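Below is one structure; the comments refer to it alone.
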Amino acid sequence: MIRQIFVLLHDKRNIYHIMNEALSCIRKPIEDDLARYRDLFLQSLSHDNPLLDYALRHLAKRTGKMMRPILGILAARAFGQADDKVLHAMVSLELLHTASLVHDDVLDQSDQRRGQQSVNALMNNTQAVLVGDYLLSRALEHAALTGDVRVVHAVARLGNLLADGELLQIYNTSLTEVEEESYYKVIERKTASLFSTVAYVGSLLAGAPSEHIDKLHNFGRILGLCFQIRDDIFDYNSTADLGKPSGIDMKEGKLTLPIIAAVMKPGNDAERALALKVRAGEATDQTVAFLTQFAIQQGGVDYAYQAMERLSQQALSELDFLPETPVKDSLIEYLNFVAQRDL
Ligand code: FPP
Ligand code: MG
């Protein structure tokens, strides 16, 4: 057992190492831009109101892998410079994303985010909602600082889509059918929208022609779908901590692609009925554990990998028009990273 844990921890360290290597290659052509972005982002995360400052400093401790700003800055650099407007736009979008996660943890009653306490766990629900509101309004301020109404429009549209996606996810719990379309509708809104918006805004502000902006926009969108499908597959992997799949999504009543694919197969009517119970929040932990194994055995996880592979190829073809440059290489590596990441 101890040996098993050691091997798992060792593997995890290796995975971190490989992932960090991949990310530093991706970031290489935009290191300076990212450093400027990070300074500007962190400036937004302090305040003279003690409660607000407490929450903001907490959030500043774990800023994540900066996946979205990296994509937006690469999209800008594919056509020109990442000037202050681009940086303000990226800060705006990251603040909006952070606001949505702070609110999401209240909705999901989650006490963890990015390996640390969620704001609602650190403080309480009331204060977390207000912190999220503050972040949202700072996001609008940075959008305005670009002086470009198209950016303000994009940020507002993204806010619409995120809230729309969350509500659609809730609405879907009342559906009596299990099918892929409703899954894709939710992930288009709650995940792909962010990636498509950063790529759109980055290329837009760098002055790309509209047909090229459309290509980057679509690249971000498809890549965002891959990101969420990969994220959803994680729930079916054994973790070092648990030694078995966590099944957290199903415990939260969410049906993702692996289980949807498995229960849609002909003859799996009984399991489809169980999946509907999961979605209605009426399933026990044993049912979730059973369905998780069922999805794996029925090839649902393989199906999700194949869907992601098809989408990756589509995303890649959106970049065909770009000249061969280190920035294009980074965009391609970014896509590979999203589809193949292990953490
Ligand atoms: C995480 O999803 C949550 C989102 C991607 C979006 C949350 C959006 C809102 C709460 C509404 C919009 C809010 C604003 C401020 C405009 P998840 O719960 O599936 O994943 P997780 O495991 O990361 O929590
Ligand atoms: Mg959540």
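Atom set for the values below is all heavy atoms of this structure, side chains included, hydrogens, waters and symmetry mates excluded. Remember, it's a predicted structure, so these values are computed and weren't measured experimentally.
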What distance separates [X] [atom1] from [Y] [atom2], expressed to the nearest 0.5 Å?
X: Leu56; Y: Leu45; atom1: CG; atom2: CG; value: 5.5 Å
X: Asn20; Y: Lys65; atom1: CG; atom2: NZ; value: 9.5 Å
X: Thr287; Y: Lys251; atom1: OG1; atom2: NZ; value: 11.5 Å
X: Ile222; Y: Arg310; atom1: CD1; atom2: CZ; value: 12.5 Å
X: Leu23; Y: Ile70; atom1: CG; atom2: CD1; value: 5.5 Å
X: Lys85; Y: Ser92; atom1: NZ; atom2: OG; value: 14.0 Å

Charged N-O contact under 4.0 Å between [X] and [Y]:
X: Glu318; Y: Lys215; answer: yes
X: Arg36; Y: Asp32; answer: no
X: Lys254; Y: Asp235; answer: no
X: Arg272; Y: Asp269; answer: yes
X: Glu188; Y: Arg221; answer: yes

Which atoms form the tightest heavy-atom contact between [X] and [Y], and what is the distance?
X: Ala304; Y: Leu257; result: CA-CD2, 4.0 Å
X: Ile73; Y: Ala82; result: CG2-CB, 4.0 Å
X: Phe195; Y: Gly220; result: CB-O, 3.1 Å

[Y] backbone acceptor or donor facing [X] side chain under 3.5 Å:
X: Lys277; Y: Glu282; answer: no
X: Ser203; Y: Ala76; answer: no
X: Gln116; Y: His58; answer: yes
X: Asn268; Y: Glu271; answer: no
X: Arg68; Y: Val198; answer: no

Decide whether [X] and [Y] are clustered together by the hydrophobic rule: side chain heavy atoms of Ile, Leu, Val, Met, Phe, Trp, Tyr closer than 4.5 Å, transitively.
X: Val102; Y: Val129; result: no
X: Leu319; Y: Leu311; result: no
X: Leu223; Y: Leu161; result: no

Verify the neighbour count for atom [atom1] of [X]: are there more than 12 heavy atoms of other residues, nucleotides or ligands below 6.0 Å?
X: Lys185; atom1: NZ; result: no
X: Glu211; atom1: CD; result: yes
X: Phe294; atom1: CZ; result: yes

What salt bridge (Lys or Arg N to Asp or Glu O under 4.0 Å) pairs are there with at least one residue in [range], not counting sequence neighbours?
range: residues 153-180; value: Asp164-Arg189
range: residues 127-155; value: Arg138-Glu141, Asp148-Arg150
range: residues 96-110; value: Asp104-Arg113, Asp105-Arg113

key: Six-ring centre of Tyr334, Arg27 cation under 6.0 angstrom, axis tolerance 45°   = no
inquiry  = Does Tyr200 form a side-chain hydrogen bond (donor to acceptor under 3.5 Å, both in side chains) with Asp214? I'd like the steps, not just the answer.
reply    = CA-CA 7 Å; Tyr200 165 77; Asp214 289 348; over 6 Å; no
Within residues 142-173 or reaching into it, pairs that qualify as ring-ring contact (aromatic ring centres under 6.0 Å, His included) - sequence neighbours excluded = His88-His142
request  = Name all pairs fulfilling the ring-ring contact (aromatic ring centres under 6.0 Å, His included) condition that reach into residues 93-136, sequence neighbours left out, sorted by first residue then second.
outcome  =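 Qualifying pairs: His47-Tyr134.
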task = Name all residues meeting the ring pair (Phe, Tyr, Trp, His ring centres under 6.0 Å) criterion together with Phe41; count only those two or more places apart in sequence or in a different chain, and write none if there are none.
result =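 Phe41 satisfies ring pair (Phe, Tyr, Trp, His ring centres under 6.0 Å) with Tyr37 only.
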